[in-house]
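Notes follow the structure.
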Amino acid sequence: MERTLQQRYFSTELLNWYRQHKRDLPWRRNRNPYYIWVSEIMLQQTRVDTVIPYFHRFIDKFPTIQALAEAPEEDVLKAWEGLGYYSRARNLQSAVREVHERYGGTVPDTKEEVSSLKGVGPYTTGAILSIAYDKPEPAVDGNVMRVLSRYFLIEDDIMKPKTRVRMEGLVRELIPEGQASDFNQALMELGALVCTPKSPHCLTCPVMAHCDGRAAGREETLPVKTKAKPPRPEARAALLLEGTGEHAGKLLIRQRPAEGLLARMWELPHTLMPDDGLPGPAGLAMAHERLAAHIAEDSIGIGGLTWMMQAEHTFSHIHWKMDVYTARPEELALSLFSGASAVLPSHYRWIGPQDMEGYAFPNVFIRILSAYFEQSSVPHPQS
DNA sequence: AAGACGGGGGG
DNA sequence: CCCCCAGTCTT
């Protein structure tokens, strides 16, 4: 297909700009396909500044395909702690194990093989093939769609899958011969540094002169995008169960199921509260009723509650508003009769502050646990 | 096509 | 405080 002047100008100027302005990022220091793969998975839904320290720690712990393939899954989850979308970590290790076994540890370089790896969709397939192997494949992420929708004044809704397909066709036309790696990275770099979601820096943009969106005064209103649904609110009560006797100074945590939200992460026991429940200390009676019943299913008894703090956490689709209570295990006369009911179910643990490094927690529980251990380790000021 | 799946930054 | 960011898998 014949390229227009506007298209040739775009590719040429964008590449020139990128070679002068590209950031020195850890995964850009060589062309190790494994590094590029790890970085692209981490960069899904996550900004560069957040990823950098995770990337360094991850590569330090799992320097090669083989090292990651042979690592315990819990170590991988712990290395991902706080980064979110934890299925990315599980899928990455699963796919790395497949590359280790089926391809002898070499990341494949065909579209069919790469796109069949777990956790690798259309964007990441193009990113790996182009950045690691310079194959002329499009890597269309949100940055790319924003840049192209503005430069070519494309008003398609970028939330629709069809739009991504159209953008991929456009990128194929734009990739200069033999320069897919730099060109795809240049597109994303422009979106990250210049053609930003709000207040784009058009005056320093290398392609402003032929930008149709800018010419039409549409640079602030493109891309067209349907709004996401707001997260549904959920009131929850969480429990800081304070150990006694041999568990003094420790708290009870548990591991989540293998599937679904925060799969296999560790957490404080917590349970759903009714929508019309009272927030804060006023909800104590209802919280005791619900938490006691909830945790009794695992044969754990609790005494009276004390309200400690509120904690909020927003996922894409749920907003947790949690009231956090402390309690002691129930003084149970029944425990004299049998050992069976006194055995803690296997997905529970008693942990002290030093034990937190051994378990992967979602951020909301790190905040609560840190607040608790900090407070309980500091002597109360004399009044 | 729509929902599930985390977490952070900026005005 | 409300706004934004948006890849892949599952249903």
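Below, chain A is the first sequence line, B the second, and so on; all start at residue 1.
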Looking across every strand, which nucleic acid part, if any, lies under 4.0 Å from [X] by heavy atom: base, sugar-phosphate, or nothing?
X	result
A:R146	sugar-phosphate
A:L262	sugar-phosphate
A:D141	sugar-phosphate

Quick one: does [X] reach the base of [N] with a side-chain donor-acceptor pair under 3.5 Å?
X	N	result
A:Q45	B:dG6	no
A:T124	C:dG7	no
A:K225	C:dA6	yes

**Test of ring centre spacing under 6.0 Å for A:F315 and A:W320** = yes

**Asked** Under 6.0 Å between the ring centres of A:F55 and A:W27?
**Response** yes

**Item:** Nearest-nucleotide comparison on DNA chain B, the residue closer to the 5′ end among A:K160 and A:P362
**Value:** A:K160

**Asked** A:H319 NE2 to B:dC5 P: how many Å, rounded?
**Response** 17 Å

**Item:** Nucleotide C:dC9, atom C1' - distance to CG of A:L117 in whole Å
**Value:** 15 Å

**Item:** For B:dG6, the Watson-Crick or wobble partner whose two distances fall under 3.5 Å
**Value:** none

